[in-house]
Amino acid sequence: MTVTAADLDAVATQLGRTPRGVLDISYRCPDGAPGVVKTAPKLDDGTPFPTLYYLTDPRLTSEASRLEVAHVMKWMTARLETDAELRADYQRAHEYFLAKRNAIEDLGTDFSGGGMPDRVKCLHVLIAYALAEGPQHFRLGTEAVAMAADHAGLRGTAVPDDWPTCADLSINLEDFDFTHAEVGR
């Protein structure tokens, strides 16, 4: 996708600051709002910025934070430690991310983002990456987006209607403690 001045204005409003290093809009929400930007591996001043996909939509960023408070990252990381197939899928997602970022500019590092490939450290990164690449790209990203969509009622506005649901993925949101992560609708 091409980034326009209007897109940059919208992202600035979403972030509450001027966006940096934006190359394009990698994901646009069903309601038309920018949701994820692709960023340059180095900012204009030369500062490394390894986060290729950056989540900008406030509905999604808020829900990613709620999921983090509910210990979704801990649950995902524990599964990585015991599920070889899931671990291999996450490794492939990490390698793809690096290849895609390095095709723009190689930072000379094997750091990708979100804790890949060994742990889940940031759901904002996983959600941004999954939305930019699509629902079948990597399992943990698909799950994180499904959880955000279903928990916060974002399906059809910030997340596509046809994104897999928690039920499709055998995830029960009642298994997570959202006591300190209330949804503001």
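Everything numeric here is computed off the predicted structure, so don't read it as measured data.
In the hydrophobic clustering of ILVMFWY residues, with side-chain heavy atoms under 4.5 Å counting as a link, Y90 and L169 come out together. Y27 and I104 end up in the same hydrophobic cluster when Ile, Leu, Val, Met, Phe, Trp and Tyr side chains are linked at under 4.5 Å.
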Is there a side-chain contact (heavy atoms from CB on, under 4.5 Å) between M73 and L126 once you walk through the steps? CA-CA 10 Å; M73 296 178 307; L126 265 60; over 6 Å; no
Test Y54 against V36 for side-chain contact (heavy atoms from CB on, under 4.5 Å), laying out the working first. CA-CA 5 Å; Y54 195 89; V36 175; 5.8 Å; no
Please assess M76 against L80 for the test side-chain contact (heavy atoms from CB on, under 4.5 Å), listing each intermediate value before the final yes or no. CA-CA 6 Å; M76 289 178 167; L80 283 173; 5.9 Å; no
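Residues V3 and V37 are not in side-chain contact: their nearest non-hydrogen atoms beyond the backbone lie 4.5 Å or more apart. Residues F176 and V72 are in side-chain contact: their nearest non-hydrogen atoms beyond the backbone lie under 4.5 Å apart.
Taking both residues in full, the closest heavy atoms of L55 and T61 are given as O-CG2, 3.6 Å, listed atom of the first, atom of the second, then distance. Among all heavy-atom pairs drawn from P164 and R155, the shortest one is O-NH2, 3.4 Å.
A distance of 14.5 Å separates SG in C122 from OH in Y129, rounded to the nearest 0.5 Å. D24 CG to D7 CG: the interatomic distance, rounded to the nearest 0.5 Å, is 9.5 Å. F111 contributes atom CZ, which lies 9.5 Å from atom CG of L98 (distance to the nearest 0.5 angstrom). Remark: M147 CE to D150 CG distance equals 9.0 Å, nearest 0.5 Å. How far CZ of R20 is from CG of L8: 14.0 Å, rounded to the nearest 0.5 Å. Separation of atoms CG (D118) and CD (Q91) is listed at 7.5 Å; rounding is to 0.5 Å.
Using modelled atom types and a 3.5 Å distance limit, the side chains of E133 and Y53 yield a donor-acceptor pair. Side-chain N/O atoms of Y96 and H137 include no donor and acceptor closer than 3.5 Å.
Identified under the salt bridge (charged side-chain N to carboxylate O under 4.0 Å, His left out) test for residues 68-86, with sequence neighbours left out: R79-E143. Pairs passing the side-chain hydrogen bond (donor to acceptor under 3.5 Å, both in side chains) check and including a residue from residues 107-116, sequence neighbours excluded, read H94-S112. Evaluation of the side-chain hydrogen bond (donor to acceptor under 3.5 Å, both in side chains) test over residues 38-52, restricted to residues two or more places apart or in two chains, returns D45-T47. The stretch residues 161-174 participates, sequence neighbours left out, in these side-chain hydrogen bond (donor to acceptor under 3.5 Å, both in side chains) pairs: T165-D168.
In the displayed structure, H71 atom NE2 is contacted under 6.0 Å by at most 12 heavy atoms of other residues, nucleotides or ligands.
In this structure R59 satisfies the salt bridge (Lys or Arg N to Asp or Glu O under 4.0 Å) test together with D31, D57, sequence neighbours excluded. Residues that satisfy the side-chain hydrogen bond (donor to acceptor under 3.5 Å, both in side chains) test with D89, not counting sequence neighbours, are absent from this structure.
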